[in-house]
Amino acid sequence: MSATPSICAIVPTYNNGGTIIDVVRRVLAEIEHLIVVVDGSTDATTDLLRAEQSKQPERLTVVMSDTNRGKGVALHLGMDTARRMGFTHAITIDADGQHYPEDIPLLVEAHMAQPDAIILGSRLLKQDNMPAQNTFANRFSNFWFAVQTGLRLPDTQSGFRLYPLDNLHGERWMTARYEAELTLLVFSAWAGVPIVPVNVRVYYPPQNERVSHFRPAYDFARISLLNTLLCLLALVYGLPRRLFHTLTHATRWT
């Protein structure tokens with residue numbers, strides 16, 4: 001196992017019965033403890049996880065939500081659980097099997113060099129079988145992140161990340177769904193938290209095997225609204241705060 005005991009993994013899941021156990025076992029091959037947040041699943045996900053938890057209860061924690069409240073809420077529950085358990089850092093990884101848990105050591109290695117940074121798993125966005133809507137959404141998100149923060153990142157929508165739980169900003173402003181992860185990046189960038197991209201692999205199954213809860217029209221509208229609000233907030237708060245942090249830090253070392 002590659003990670004130190006102060007790092008756990010968090011997997012939010014909603015109706016991923018076909019992939020969740022494979023993800024759990026592969027994550028636990030790389031890290032000591034895993035927290036799975038079941039976000040109101042209605043398929044076999046819960047029963048499968050309970051059976052798996054009975055085999056290694058000291059390493060697998062299952063947090064249950066009775067209703068489906070969204071990925072942002074599930075991540076927040078996972079982070080709160082991790083803090084209560086004494087973990088200082090958390091790796092988030094999706095439950096659909098797109099990420100390779102075997103790449104966790106790459107994130108941990110980058111974390112060891114910059115313990116206070118957010119380590120961002122950066123996927124290859126030009127992969128042949130990447131869904132077209134994913135490619136567009138990533139480019140759209142990357143562009144607005146650069147406008148809002150002055151920073152350029154290759155993959156602002158990746159859910160494969162390593163967070164410093166005590167140096168994370170914007171958590172209380174997280175929305176319920178997918179755009180919550182963008183909020184964490186933007187607010188943390190404004191606070192001067194380093195964001196370090198690390199190249200990771202990604203697997204896109206054939207179209208008929210994909211499980212996605214992304215609703216293109218609805219979720220794209222939510223993301224667009226959030227980006228509008230973040231751009232306005234960047235002008236009056238975010239960019240001035242980032243500039244102040246940069247100047248203060250530079251002065252400290254001169």
If we ignore angles and hydrogens, is there a donor and acceptor under 3.5 Å between the side chains of [X] and [Y]?
X	Y	result
T19	D96	no
N15	T42	yes
S41	T46	no
H33	T61	yes
R123	N138	yes
N16	T13	yes

Working to the nearest 0.5 angstrom, can you tell me the gap between [X] [atom1] and [Y] [atom2]?
X	Y	atom1	atom2	answer
Q98	Y203	CD	OH	10.0 Å
E179	L226	CD	CG	6.0 Å
D39	M64	CG	CE	10.0 Å
L34	I10	CG	CD1	9.0 Å
L75	I35	CG	CD1	11.5 Å
L124	D155	CG	CG	10.0 Å

Heavy-atom check, side chain of [X] versus side chain of [Y], under 4.5 Å:
X	Y	value
V63	V38	no
I7	T88	no
V73	S65	no
V196	L120	no

Using 4.0 Å as the upper bound for N to carboxylate O, is an ion pair formed by R25 and E102?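 Answer for the salt bridge query: no.
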When you check the gap from the basic side-chain N to the acidic O, do D80 and R83 get nearer than 4.0 Å?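 A salt bridge links D80 with R83.
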Relative to each other, are the rings of F187 and W173 parallel, tilted or perpendicular (30° and 60° limits)?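 The arrangement is parallel - the two ring planes meet at less than 30°.
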Any donor and acceptor pair, going by atom type alone, linking the side chain of [X] with main-chain N or O of [Y] inside 3.5 Å?
X	Y	answer
T149	A189	no
H89	P115	yes
W190	H169	no
S158	G121	yes

Please determine which of Q157, K71, R161 meets the side-chain hydrogen bond (donor to acceptor under 3.5 Å, both in side chains) test together with E181.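 Between E181 and the candidates, side-chain hydrogen bond (donor to acceptor under 3.5 Å, both in side chains) is satisfied uniquely by K71.
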For Q56, is the CD atom crowded, meaning more than 12 foreign heavy atoms sit under 6.0 Å from it?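 Result for CD/Q56: enclosed.
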Step by step, work out the side chain to side chain contact (heavy atoms under 4.5 Å, CB included) result for I118 and L185. CA-CA 8 Å; I118 294 174; L185 282 188; 4.2 Å; yes
Quick one, I104 with F160, criterion side chain to side chain contact (heavy atoms under 4.5 Å, CB included). Give me CA distance, side-chain angles, the key distance, then yes/no. CA-CA 9 Å; I104 285 176; F160 194 11; 3.9 Å; yes
